[in-house]
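Each remark here refers to the structure printed beneath this line.
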Amino acid sequence: MQLGLQGKVALITGGSVGIGLAVAHGLAAEGVQVMIAARDGERAKSEAAEIAQKHGVRTLTVEADVAKAADCSRLVSEAEKAFGGCDILVNNAGSGSNETILEAPDEKWQHYWDLHVMAAVRLSRGLAPAMKRRGGGVILNNASICATQPLWYEPIYNTTKAALVMFGKCLANELIKDKIRVNTLNLGLILTPDWIKTATQLTQGTDRTWRDYIQGIADEHAPIKRFASPEEIANFFVFLCSDRASYSVGSTYYVDGGMLKVVN
């Protein structure tokens, strides 16, 4: 299937590990030039070098914390300077939280609001003008099934991801006149390094392995009875970036192995 992505430029936040890294590889395999933003600059450089060597595309890394407004502005400037802007923005950076509403301080709420919502706002606002000049583009927001089906132990994550879904819908309506398509993905159980790290910690000193723990979570929550690989998820991101998804505007896609328990 020809996806029409050859020569495009993509900026991926949180692009040095997990889902973001898999998306970077997936796009690069289609001939997309990849710009990776990550807090760990050295890891980003190493991964970008591997992407360039494997797929033969130009890569660029920027060490940035997208929860900070100044770093978002710097990312926009770097994209303009290196590529004249970008055609694809993947707002992927994020992390889970762990708190109760009554005990979480304002500072924690603000941090996750900046990371999950304002980073997408700032980068979309900064990069959309160049997308318009380039003839259009794609913005994808990585939200979560928790935006609809919340987990009890992370109310801040649930709330900010729900806000990201609404932001994506509003942005899609605003930008489609400029041939910029915006969509959001609500993902379920994805086997990222963070999940493996957590499972390893929780099973340390027990007779269970991290794989046992992961399988138990999958059995409990997902009818498909397994986690997805980051590469499986990346395939969906790449498709939504392509010309093959040209009528996909302002939608929220659940890619969750059947985890969502309601019709939505």
Side-chain angles (χ1 to χ4, degrees), residues 1-38 41 43-64 66 72 75-93 119-120 123-124 126-142 168 171-172 175 178-185 187 190 229-249 253 255:
M1 181 181 291
Q2 296 299 313
L3 297 181
L5 291 170
Q6 185 75 33
K8 302 289 187 181
V9 177
L11 169 58
I12 305 163
T13 67
S16 67
V17 68
I19 295 167
L21 179 58
V23 172
H25 273 281
L27 289 171
E30 296 296 327
V32 177
Q33 301 174 83
V34 175
M35 183 175 174
I36 292 175
R43 182 169 64 190
K45 287 179 182 178
S46 175
E47 296 293 353
E50 181 177 336
I51 290 169
Q53 190 277 328
K54 182 176 181 179
H55 303 292
V57 299
R58 181 184 175 190
T59 61
L60 177 69
T61 62
V62 179
E63 184 174 339
V66 295
C72 288
L75 271 175
V76 172
S77 296
E78 291 291 339
E80 288 279 359
K81 182 167 61 176
F83 298 104
C86 67
D87 307 288
I88 298 165
L89 167 63
V90 180
N91 289 309
N92 169 71
L123 290 173
S124 300
L127 293 167
M131 287 185 182
K132 181 179 178 180
R133 292 197 306 269
R134 295 163 73 93
V138 173
I139 298 173
L140 298 181
N141 299 315
N142 184 3
L171 185 66
L175 294 184
D178 299 318
K179 299 181 181 179
I180 300 171
R181 295 187 297 106
V182 183
N183 289 291
T184 299
L185 289 88
L187 306 181
I190 318 302
S229 70
E231 290 72 24
E232 283 181 282
I233 298 305
N235 290 335
F236 204 84
F237 275 85
V238 172
F239 171 75
L240 288 176
C241 290
S242 77
D243 292 345
R244 295 291 181 171
S246 57
Y247 203 64
S248 180
V249 177
Y253 296 96
V255 190

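All heavy atoms count here, side chains included; hydrogens, waters and symmetry mates do not.
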Heavy-atom pair of closest approach, residues Asn141 and Gly168: ND2-CA, 3.6 Å
pair Val76-Leu11: side-chain heavy atoms closer than 4.5 Å: no
Trace of the side chain to side chain contact (heavy atoms under 4.5 Å, CB included) decision for Thr13 with Leu123: CA-CA 10 Å; Thr13 67; Leu123 290 173; 3.6 Å; yes
Straight-line distance of Arg43 CZ to Ser16 OG, nearest 0.5 Å: 4.0 Å
Any side-chain heavy-atom pair of Met131 and Asp178 under 4.5 Å: no
Ala24 versus Gly15, closest heavy-atom pair with distance: CB-O, 4.5 Å
Side-chain touch Ile88/Leu5, heavy atoms, less than 4.5 angstrom: yes
Cys241 SG to Leu27 CG distance, which is reported to the nearest 0.5 Å: 5.0 Å
Value rounded to 0.5 Å, distance of CD in Glu47 from NZ in Lys54: 11.0 Å
Separation between CG of Leu127 and SG of Cys86, rounded to the nearest 0.5 Å: 4.5 Å
Partners meeting side-chain contact (heavy atoms from CB on, under 4.5 Å) with Asn142 (sequence neighbours left out): Ile19, Asn92, Leu187, Phe237
Pair Ile139-Leu171, side chain to side chain contact (heavy atoms under 4.5 Å, CB included): steps then yes or no: CA-CA 9 Å; Ile139 298 173; Leu171 185 66; 4.0 Å; yes
Beyond-backbone contact of Val182 with Val249, side-chain heavy atoms, under 4.5 angstrom: no
Minimum-distance pair of heavy atoms, taken over all atoms of Pro230 and Gly18: CB-O, 3.9 Å
Minimum heavy-atom distance between Ala44 and Ala38, given as atom pair plus value: CB-CB, 4.1 Å
side-chain contact (heavy atoms from CB on, under 4.5 Å) partners of Ala49, counting only residues at least two apart: none
Spacing of CG belonging to Asn91 relative to OG belonging to Ser124, to within rounding of 0.5 Å: 5.0 Å
Check: Val57 and Val32 side chains under 4.5 Å, non-hydrogen atoms: no
His25 NE2 to Glu231 CD distance, which is reported to the nearest 0.5 Å: 8.5 Å
Carboxylate-amine/guanidinium proximity below 4.0 Å for Arg133 and Glu80: yes
Test side chain to side chain contact (heavy atoms under 4.5 Å, CB included) applied to Thr61 and Met35, step by step: CA-CA 6 Å; Thr61 62; Met35 183 175 174; over 6 Å; no
Any donor-acceptor N/O pair, Asp87 side chain to Val9 backbone, under 3.5 Å: yes
Heavy-atom pair of closest approach, residues Ala28 and Val34: CB-CG2, 4.0 Å
NZ or CZ of Arg58 within 45° of Phe83 ring axis and under 6.0 Å: yes
Main-chain N/O of Leu175 paired with Arg181 side-chain donor or acceptor, under 3.5 Å: no
Ser242 side chain to Gly4 backbone, donor-acceptor under 3.5 Å: no
Contact summary for Gly26 and Val238, nearest pair of heavy atoms: C-CG2, 3.6 Å
Ile36 side chain near Val62 side chain, heavy-atom distance below 4.5 Å: no
Sub-4.5 Å side-chain heavy-atom contact between Leu240 and Ser248: yes
Any donor-acceptor pair under 3.5 Å from Glu232 side chain to Ser229 backbone: yes
